[in-house]
Novice: 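Sharing a structure here in structure tokens format.
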Amino acid sequence: MTGTFRRDLHSLGKIFDFIGEFANANTIDNSTSFKLKFIIEELFTNLVKYNSEGEDTIAVSLEKENHKVILALHDVGGVPFDLTTAREVDIHQPLQDRKPGGLGIHLVRKFADEIRDERVNKKRTITVITHVEQ
Amino acid sequence: MFAAKISEDGVLVLSGRFDAEQVEKARIAFNRIGRTTVVDCKDLDYVSSAGLGVLLMTQKRLRDSGSELILANINKHIKNIFEYAGLDKIFEIR
């Protein structure tokens, strides 16, 4: 299933509802549902914050295939960037050296079995494959 | 719906979904804290990295004055997030 959402943090409520509908329709457990919400929020908010020049809307698609969920965010326009090259954060730093930036992508990597970030002309597709927990 | 309220006994009670849209609302509540405070997460369903950022920056500010946030009653999903982010070493989790 695919939903299209305005490039705005206020879209998050609708995105969470969309994930909830997908989870119900595919009998997805709570742990997987939490993971999907986390991954999609992180990727969506990154596009809102760092690609404000992109088109007004971002499409999100979700598909269940056997014991995996394939999620994708489809963005058009804006600044070229490859998520998979983002710097890894050091989660072992003491509190005084810790900064909040980068934690989101670190956690997406922890949850994902596979991440692809592809750009063809102005169309960017971020695909994450993650396994169903139960 | 997200809410952050300080109870009569000084506990910060969080509920709902602490996502990027809620950060400004959350900051108002966390910026009022000036001493060691228990954060009750019994009714907190979800937290994203934006929420973790608010918690982390508050912890930094409080530790500078010898105080801290103590997290209580976090669900297993949020506990996983804290462990994956290495924040279980930075916060006391009860």
Side-chain angles (χ1 to χ4, degrees), chain A residues 5-20 23 28-50 58 86 88-112 130 133-134, chain B residues 1-3 15-27 30-31 36 39 41 43-71 74-93:
Chain A
F5 305 95
R6 284 187 59 80
R7 187 186 300 276
D8 190 312
L9 292 184
H10 295 305
S11 296
L12 284 174
K14 288 180 179 169
I15 291 174
F16 279 81
D17 290 344
F18 171 74
I19 298 166
I28 301 278
D29 63 282
N30 286 340
S31 293
T32 306
S33 183
F34 187 99
K35 189 166 67 168
L36 295 176
K37 287 172 185 171
F38 193 93
I39 294 169
I40 292 174
E41 179 185 340
E42 296 301 332
L43 299 177
F44 185 85
T45 54
N46 269 358
L47 293 176
V48 172
K49 287 182 189 170
Y50 305 121
I58 296 165
E88 186 55 271
V89 293
D90 179 2
I91 63 161
H92 303 293
Q93 283 184 316
L95 177 62
Q96 64 268 25
D97 298 329
R98 294 288 295 256
K99 294 184 179 68
L103 267 185
I105 295 304
H106 166 79
L107 290 163
V108 168
R109 283 175 171 145
K110 290 294 261 187
F111 285 136
T130 188
E133 294 292 330
Q134 293 175 353
Chain B
M1 189 68 182
F2 172 75
S15 60
R17 196 177 65 228
F18 192 176
D19 62 28
E21 192 182 359
Q22 310 301 331
V23 162
E24 291 312 315
K25 183 196 265 188
R27 273 204 191 109
F30 278 90
N31 286 345
T36 294
V39 183
C41 303
D43 295 320
L44 184 67
D45 302 320
Y46 171 89
V47 64
S48 69
S49 73
L52 296 180
V54 174
L55 291 164
L56 192 58
M57 297 316 286
T58 305
Q59 190 74 322
K60 264 190 174 184
R61 177 174 61 77
L62 291 177
R63 282 274 175 82
D64 285 346
S65 58
S67 305
E68 65 176 336
L69 291 179
I70 296 166
L71 306 179
I74 64 175
N75 70 36
K76 65 174 182 178
H77 308 301
I78 297 175
K79 194 171 184 193
N80 282 342
I81 295 274
F82 272 77
E83 289 171 358
Y84 289 159
L87 296 177
D88 55 328
K89 306 289 189 292
I90 284 178
F91 290 86
E92 180 183 336
I93 298 175

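Here the structure is a predicted model, which is why all the values come from computation and not from measurement. Quick note on labels: first sequence line is chain A, next is B, and so on, each numbered from 1.
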Novice: May I ask you to decide if the ring planes of B:H77 and A:F34 are parallel, tilted or perpendicular, using 30° and 60° as cut-offs?
Specialist: parallel

Novice: Would you say A:E41 and A:I15 make side-chain contact, with heavy atoms under 4.5 Å?
Specialist: no

Novice: Given 3.5 Å as the limit, does a donor-acceptor pair link the side chain of B:K25 with the main chain of B:F2, or not?
Specialist: yes

Novice: Quick one: what part of B:V47 sits under 4.5 Å from any heavy atom of chain A, side chain, backbone, both or neither?
Specialist: backbone

Novice: Contact part of B:D45 toward chain A, heavy-atom cut-off under 4.5 Å: side chain, backbone, both or neither?
Specialist: backbone

Novice: Check whether A:L95 gets within reach of chain B through its side chain, its backbone, both or neither, counting any heavy atom under 4.5 Å.
Specialist: both

Novice: So which residue, B:A50, B:A20, B:G53, ends up with the most heavy-atom pairs under 4.5 Å with chain A?
Specialist: B:A20

Novice: Give, as side chain, backbone, both or neither, the part of B:L56 having an atom under 4.5 angstrom from any heavy atom of chain A.
Specialist: both

Novice: For A:Q96, is it the side chain, the backbone, both, or neither that has a heavy atom closer than 4.5 Å to a heavy atom of chain B?
Specialist: backbone

Novice: Is B:L55 close to chain A through its backbone or its side chain, or both, or neither, when contacts mean heavy atoms under 4.5 Å?
Specialist: neither

Novice: Against chain B, label A:K49 side chain, backbone, both or neither, depending on which of its atoms sit under 4.5 Å from a heavy atom there.
Specialist: neither

Novice: Is it the side chain or the backbone of A:F111 that comes within 4.5 Å of chain B heavy atoms, both, or neither?
Specialist: side chain

Novice: So, do B:T36 and B:I70 sit near enough that their side-chain heavy atoms are less than 4.5 Å apart?
Specialist: yes

Novice: Are any side-chain N or O atoms of B:K60 and backbone N or O atoms of A:R98, one a donor and one an acceptor, separated by less than 3.5 Å?
Specialist: yes

Novice: Using modelled atom types and a 3.5 Å cut-off, is there a donor and acceptor pairing between side-chain atoms of B:Q59 and backbone atoms of B:L69?
Specialist: yes

Novice: Which bit of A:H92 is near chain B, if near means a heavy-atom gap under 4.5 Å: side chain, backbone, both or neither?
Specialist: neither

Novice: Can you tell if the side chain of B:L71 reaches within under 4.5 Å of the side chain of B:F82, non-hydrogen atoms only?
Specialist: yes

